[in-house]
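Letters go in sequence order (proteins before strands), and every chain restarts at 1.
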There are 2 protein chains.
Amino acid sequence: MPVDESCPVCRTADIVCGKWTLLLVRELAEGCSRFCELERSLTGISPRTLSLRLRALEEEGIVERATFPEVPPRVEYVLTPKGEALLPIIEGMRTYGQEWLGASCASEPAPREPVAA
Amino acid sequence: MPVDESCPVCRTADIVCGKWTLLLVRELAEGCSRFCELERSLTGISPRTLSLRLRALEEEGIVERATFPEVPPRVEYVLTPKGEALLPIIEGMRTYGQEWLGASCASEPAPREPVAA
DNA sequence: CAGCATCCGCCGTGATACTG
DNA sequence: CAGTATCACGGCGGATGCTG
């Protein structure tokens with residue numbers, strides 16, 4: 001039951017909500033492009049999940065797959081512009097995490113300007 | 001098994017990943033503050049889920065609950081600064097959704113170039 | 001109106017093993 | 001290396017019904 005398909009926030013959330021999705025996009029953005037690379041970067045992910053996420057992202061047009069029919073099979077995944085457009089969101093989350101979830105957590109009076117000045 | 005608790009992105013994602021969480025925060029930001037109001041705005045949400053999300057958000061310090069011990073019970077939920085700090089992320093997702101997912105709220109402005117890159 | 005209790009089903013995810 | 005197949009578990013979220 002998709003909350004509300006006419007809502008851009010929901011749709012983006014749907015794409016991004018997977019446990020590994022954002023991390024995957026981030027790794028891709030940082031240059032990891034091989035399956036085994038990603039597997040190592042995303043510590044703990046199972047090949048199945050990685051494969052699933054990759055495929056989903058591919059179908060969304062967020063990542064592009066390049067296959068090299070070489071002797072040692074090689075496949076590279078790269079972010080499309082649509083995928084790169086996700087980065088600001090990730091950055092926003094990183095910033096939020098740093099400013100509000102880092103040192104002084106929850107239930108605090110919470111200053112208006114945490115780290116920013 | 002929490003991906004990586006030392007990663008700000010993951011921590012934010014953990015908070016934000018609930019199906020209704022972001023919408024809830026957004027409704028709160030838009031002025032909905034009563035339980036039944038939220039229930040109506042978030043079409044389809046069950047009271048259970050709403051209650052659960054609200055409580056979780058409260059424990060995170062993202063929303064604050066104000067109880068009015070009146071004859072008709074009244075409770076108001078408001079965003080804390082920590083909750084309001086989530087808004088840019090939501091905006092980012094809305095923008096992304098509009099530009100890349102073809103979900104358009106005709107009433108909203110589109111500050112960037114859609115197919116720029 | 002506000003909110004909790006219970007039951008249940010779905011989906012994402014994890015673990016492991018196997019294939020091209 | 002780059003996946004896929006299978007099995008199973010857990011948590012989130014949905015539906016209903018009840019209480020203060």
Side-chain angles (χ1 to χ4, degrees), chain A residues 1-5 7 10-25 27-28 31-60 62-78, chain B residues 1-5 7 10-11 13-25 27-28 31-60 63-78:
Chain A
M1 271 317 170
V3 187
D4 179 3
E5 282 310 324
C7 163
C10 303
R11 304 183 68 161
T12 304
D14 267 1
I15 289 177
V16 140
C17 245
K19 180 177 175 183
W20 296 99
T21 309
L22 286 173
L23 288 310
L24 180 48
V25 170
E27 289 308 315
L28 253 8
C32 292
S33 49
R34 310 272 280 284
F35 194 89
C36 69
E37 271 246 76
L38 295 165
E39 215 170 350
R40 262 176 294 139
S41 295
L42 303 172
T43 318
I45 197 173
S46 64
R48 174 189 133 90
T49 298
L50 178 53
S51 182
L52 248 32
R53 292 295 108 216
L54 242 13
R55 180 170 298 270
L57 254 18
E58 200 186 336
E59 281 173 9
E60 307 269 12
I62 287 172
V63 317
E64 197 122 38
R65 195 170 96 158
T67 305
F68 300 78
E70 302 172 355
V71 180
R74 190 166 119 225
V75 175
E76 297 198 346
Y77 296 90
V78 295
Chain B
M1 255 168 330
V3 188
D4 180 4
E5 281 309 326
C7 163
C10 304
R11 304 182 65 164
D14 267 1
I15 289 178
V16 141
C17 245
K19 180 175 173 185
W20 296 98
T21 310
L22 285 173
L23 288 310
L24 181 47
V25 170
E27 289 308 314
L28 253 7
C32 291
S33 48
R34 312 251 244 299
F35 195 89
C36 69
E37 272 246 78
L38 295 165
E39 214 170 349
R40 260 175 296 141
S41 295
L42 304 171
T43 317
I45 196 174
S46 64
R48 172 190 134 89
T49 299
L50 178 54
S51 183
L52 249 32
R53 292 294 109 215
L54 243 12
R55 180 169 297 269
L57 255 17
E58 202 186 334
E59 282 172 9
E60 307 267 12
V63 316
E64 198 121 38
R65 195 170 95 157
T67 305
F68 299 78
E70 302 171 354
V71 179
R74 193 168 115 223
V75 177
E76 297 199 345
Y77 297 89
V78 295

Could you check how far [atom1] of [X] sits from [atom2] of [N], rounded to whole Å?
X      : N       : atom1 : atom2 : result
I45(A) : dG14(C) : CD1   : P     : 7 Å
F68(B) : dA2(C)  : CZ    : C1'   : 14 Å
D14(B) : dG11(D) : CG    : C1'   : 13 Å
I15(B) : dC12(D) : CD1   : P     : 14 Å
E39(A) : dA15(C) : CD    : P     : 12 Å
E37(B) : dG3(C)  : CD    : C1'   : 17 Å
L50(A) : dG12(C) : CG    : P     : 16 Å
L22(A) : dT13(C) : CG    : P     : 11 Å

Kindly point out which of [options] is positioned nearest to the side chain of [X]?
X      : options                  : result
P73(A) : dG20(C), dG3(D), dG13(D) : dG20(C)
F35(B) : dC4(C), dG14(D), dA2(C)  : dA2(C)
C36(B) : dG13(D), dC1(C), dG20(C) : dC1(C)
P47(A) : dG13(D), dA2(C), dG3(D)  : dG3(D)
T49(B) : dC4(C), dA2(C), dG14(D)  : dG14(D)
Y77(B) : dG3(C), dG13(D), dC4(C)  : dG3(C)

Does [N] have its OP1 or OP2 closer than 4.0 Å to a side-chain nitrogen or oxygen of [X]?
X      : N       : value
W20(A) : dG12(C) : no
S51(A) : dT4(D)  : yes
R65(A) : dA2(D)  : no

Inset, instruction - Mark yes or no for whether T21(A), through its side chain, and C17(A), through its backbone, hold a donor-acceptor pair below 3.5 Å. - result: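 No, because the side chain of T21(A) does not come within donor-acceptor range (under 3.5 Å) of the backbone of C17(A).
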Inset, instruction - Look only at the side chain of S41(B) and the backbone of E37(B), and say whether a donor-acceptor pair between them is shorter than 3.5 Å. - result: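 Looks like yes, one N/O pair under 3.5 Å.
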Inset, instruction - Rounding to 10 degrees, work out the angle separating the end axes of the helix from dC1(C)-dG20(D) to dG20(C)-dC1(D) (five pairs an end). - result: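 End-to-end axis angle: 40°.
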Inset, instruction - Decide if atom CD of E58(A) counts as having more than 12 heavy atoms of other residues, nucleotides or ligands within a radius under 6.0 Å. - result: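 Counting other residues, nucleotides and ligands, CD of E58(A) exceeds 12 neighbours.
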Inset, instruction - Would you mind classifying the nucleic acid contact of P72(B) as base, sugar-phosphate or nothing, using non-hydrogen atoms under 4.0 angstrom? - result: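 Touches nothing.
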Inset, instruction - Looking at every strand, decide which applies to R48(B) at a 4.0 Å heavy-atom threshold: base, sugar-phosphate, or nothing. - result: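 Counting heavy atoms under 4.0 Å across all strands, the contact made by R48(B) includes a base.
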Legend entry - Residue whose closest nucleotide on DNA chain C lies nearer the 5' end, C17(A) versus R55(B):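 It is R55(B), whose closest nucleotide lies nearer the 5' terminus.
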